[in-house]
Amino acid sequence: MPQTPMADKPLLKLEDVEIAFSSPDEADIVAVRQVDLTLAAGKTLCLVGESGCGKSVTARAILRLLDANAVISRGRILFCPPGEEAVDIAALEPNSLPMRKIRGNKVSMIFQEPMSSLSPVHTIGDQIDEMIMLHEGLKPKEARERTVSLLDQVGIPGPRERADAYPFQLSGGLRQRAMIAMALSCTPNLLIADEPTTALDVTTQAQILDLLKKLQDDYGMAMLFITHDLGVVAEIADDVAVMYLGDVVEQGNVFDVFRAPRHPYTQALMRSIPTIARKSERQRLSPIKGTVPSAKDRPEGCAFTSRCPHAFEPCTGRQPGRTPIGGNHVARCHLLTEDRLEAEVPA
């Protein structure tokens, strides 16, 4: 197991990560390429982008939960819990003992749809008990007491009775809270939340976000939050990374990126947000024209070229490099290096 001392280093660091999917009839399809991300302990990093941009694939790679035909073909995923040496997760076998000690224990995940993630034939309590006994070595009675305490902590009423309920007997909001309790059962250093509020109504979404922020403060854990809702990003993120067709096209402090987005895709996302305006000031929504290309037909240069209103000759020939904007704010755009793109601040 490759290990490197990483004193005073981030909790999680992705370096030049590439993920490819193989097919017996076609060439490998690169779904994620040249991803560099950094997440400090106790902070929240949001991954933003349209569906199909590689957000969930990137997150699952951290836990080595990729499909059988997927491989991390390049790069490193360095995980460094406080007081421990760094481990390159990308170099571990998915079912190896070192990986199983990390997955669900030091790094946990809340999946997008709890009904498809929880076992329908086991009670909520049994599923959380199993996690605790596996990683903490507690006896069944001790594990059940921990489970009841966790269910109470995430705001499930009647936690002892609910522990004996099956997933189909709970509402969507309660199932999501049960998933959060399971993810927190071993006090992880890193919590990955893959669009945990997408299937919930607005009121329940707000409650879940407030709960996650409170639990993050209580546990001191870092959080990688995946969403396509920029309102959620503004509420919970410390840093944000914008993905498009497997590329991180812009990243930085959430205030810097939202105040002055520099990549045309980030600017288009910001313009597409509906705003509350007076009747006399009403305007049509500004959607992003076109659709995300298939990873099979990835453009040679910048992936956003076919939808970008600023595209010019270099965009079609080579992939843009990372251009520093200021602080930790960077973007991948040929227009920045050519001084042809001014920051557009959304209304």
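Counting from 1, the numbers follow the sequence of the chain as shown.
M182 places none of its side-chain heavy atoms less than 4.5 Å from the side chain of L150. For the pair V242 and Q251, the minimum side-chain heavy-atom distance is 4.5 Å or more. Taking 4.5 Å as the limit, some side-chain heavy atom of H263 sits within range of a side-chain heavy atom of F304. Side chains of V121 and Y166 form no contact here, defined as non-hydrogen atoms less than 4.5 Å apart. Using a 4.5 Å heavy-atom threshold, the side chains of L209 and E235 count as touching. Side-chain contact check for L174 versus S171: some heavy-atom pair is nearer than 4.5 Å. Residues L211 and I180 are in side-chain contact: their nearest non-hydrogen atoms beyond the backbone lie under 4.5 Å apart. In this structure the side chain of T58 reaches within 4.5 angstrom of the side chain of M243, judged on heavy atoms.
Atom CD of E130 sits about 10.5 Å away from atom OG of S185, to the nearest 0.5 Å. From R60, atom CZ reaches atom CD1 of I62 across 12.0 Å, with rounding to the nearest 0.5 Å. L11 contributes atom CG, which lies 11.5 Å from atom CG of L45 (distance to the nearest 0.5 angstrom). In this structure, SG on C302 lies 12.0 Å from NE2 on H310, to the nearest 0.5 angstrom. Between the CG atom in N189 and the CD atom in E84 there is a gap of 7.0 Å [rounded to 0.5 Å]. To the nearest 0.5 Å, the span separating CD1 on I89 from CZ on R103 amounts to 9.5 Å.
Scanning all heavy atoms of the two residues, the minimum distance from I124 to P167 falls at CD1-CG, 4.0 Å. Between I208 and G173, the shortest heavy-atom distance links the atoms CD1-O, 4.3 Å. Minimum heavy-atom separation, I77 to A61: CD1-O, 3.9 Å. Minimum heavy-atom separation, P10 to C80: O-CB, 3.8 Å. What you find for S117 and F111 is that their closest heavy atoms are OG-CB, 3.2 Å. The two residues A311 and C315 come nearest to each other via the heavy atoms CA-SG, 4.0 Å.
Ionic pairing of E50 and R307 is present here: one or more N-O contacts between side-chain nitrogen and carboxylate oxygen are shorter than 4.0 angstrom. A salt bridge does not link D16 with R76: none of the charged nitrogens is closer than 4.0 Å to a carboxylate oxygen. A salt bridge links R160 with E145: at least one charged nitrogen is closer than 4.0 Å to a carboxylate oxygen. We find that K213 and D217 are not joined by a salt bridge, their nearest charged nitrogen and carboxylate oxygen being 4.0 Å or further apart.
The hydrophobic cluster containing L184 does not contain M133, counting ILVMFWY residues as joined when their side-chain heavy atoms lie under 4.5 angstrom apart, directly or transitively. Residue V35 is not grouped with residue V330 when hydrophobic side chains (ILVMFWY) are merged at heavy-atom distances under 4.5 angstrom, including chains of intermediate members. Linking Ile, Leu, Val, Met, Phe, Trp and Tyr whenever their side-chain heavy atoms come within less than 4.5 Å puts V292 and M270 in one cluster. Placement of L215 and I226 within a single hydrophobic cluster is found when ILVMFWY residues are connected by side-chain heavy-atom separations under 4.5 Å, directly or transitively. With hydrophobic clusters built from ILVMFWY side chains whose heavy atoms lie under 4.5 angstrom apart, I156 shares a cluster with L170.
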Test log, rule side-chain contact (heavy atoms from CB on, under 4.5 Å), inputs I72 and L66: CA-CA 9 Å; I72 301 174; L66 296 170; 4.0 Å; yes
How far apart are the C-alpha atoms of V248 and L37, what are their side-chain angles, what is the distance that settles it, and do they pass the side-chain contact (heavy atoms from CB on, under 4.5 Å) test? CA-CA 9 Å; V248 175; L37 296 174; 4.2 Å; yes
Yes or no on salt bridge (charged side-chain N to carboxylate O under 4.0 Å, His left out) for D247 and R33, after CA distance, side-chain angles and deciding distance? CA-CA 6 Å; D247 297 337; R33 63 177 183 175; 2.7 Å; yes
Could you check H334 against R318 for side-chain contact (heavy atoms from CB on, under 4.5 Å), going step by step and ending with a plain yes or no? CA-CA 9 Å; H334 288 299; R318 54 188 171 84; 3.0 Å; yes
Using the rule given for salt bridge (charged side-chain N to carboxylate O under 4.0 Å, His left out), can you reason through D218 versus K214, listing the C-alpha separation, both sets of side-chain angles and the distance that settles it, and then say yes or no? CA-CA 6 Å; D218 291 344; K214 179 181 182 301; 2.9 Å; yes
Start with the C-alpha distance between Y219 and L191, add both sets of side-chain angles, then the distance that settles side-chain contact (heavy atoms from CB on, under 4.5 Å), and finish with yes or no. CA-CA 10 Å; Y219 285 81; L191 177 65; over 6 Å; no
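Checking side-chain atoms of E18 against main-chain N and O of V32 turns up no donor-acceptor pair under 3.5 Å. Looking only at distances, no side-chain donor or acceptor of D67 sits under 3.5 Å from a matching main-chain atom of N69. Judged purely by atom type and a 3.5 angstrom limit, T44 has no side-chain atom pairing as donor or acceptor with the backbone of A237. Side-chain atoms of D256 never come within 3.5 Å of backbone atoms of G252 as a donor-acceptor pair (strictly under, hydrogens ignored). Under a 3.5 Å cut-off, the side chain of K55 and the backbone N or O of G49 do form a donor-acceptor pair.
A donor and an acceptor atom, one from each side chain of E250 and H329, are located under 3.5 Å apart. Side-chain atoms of Q127 and S119 form no donor-acceptor pair, as typed in the model, at a separation below 3.5 Å. A donor atom on one side chain and an acceptor atom on the other are not found under 3.5 Å apart for S22 and D28. Side-chain N/O atoms of S149 and D152 include no donor and acceptor closer than 3.5 Å.
Partners of D164 according to the salt bridge (Lys or Arg N to Asp or Glu O under 4.0 Å) rule, which considers only residues two or more places apart in sequence or in another chain, are R144.
Atom CD of E300 sits in a sparse spot, with 12 or fewer heavy atoms from other residues, nucleotides or ligands closer than 6.0 Å. Enclosure of atom CD in E93 is not indicated, since only 12 or fewer non-hydrogen atoms of other residues, nucleotides or ligands lie within 6.0 angstrom.
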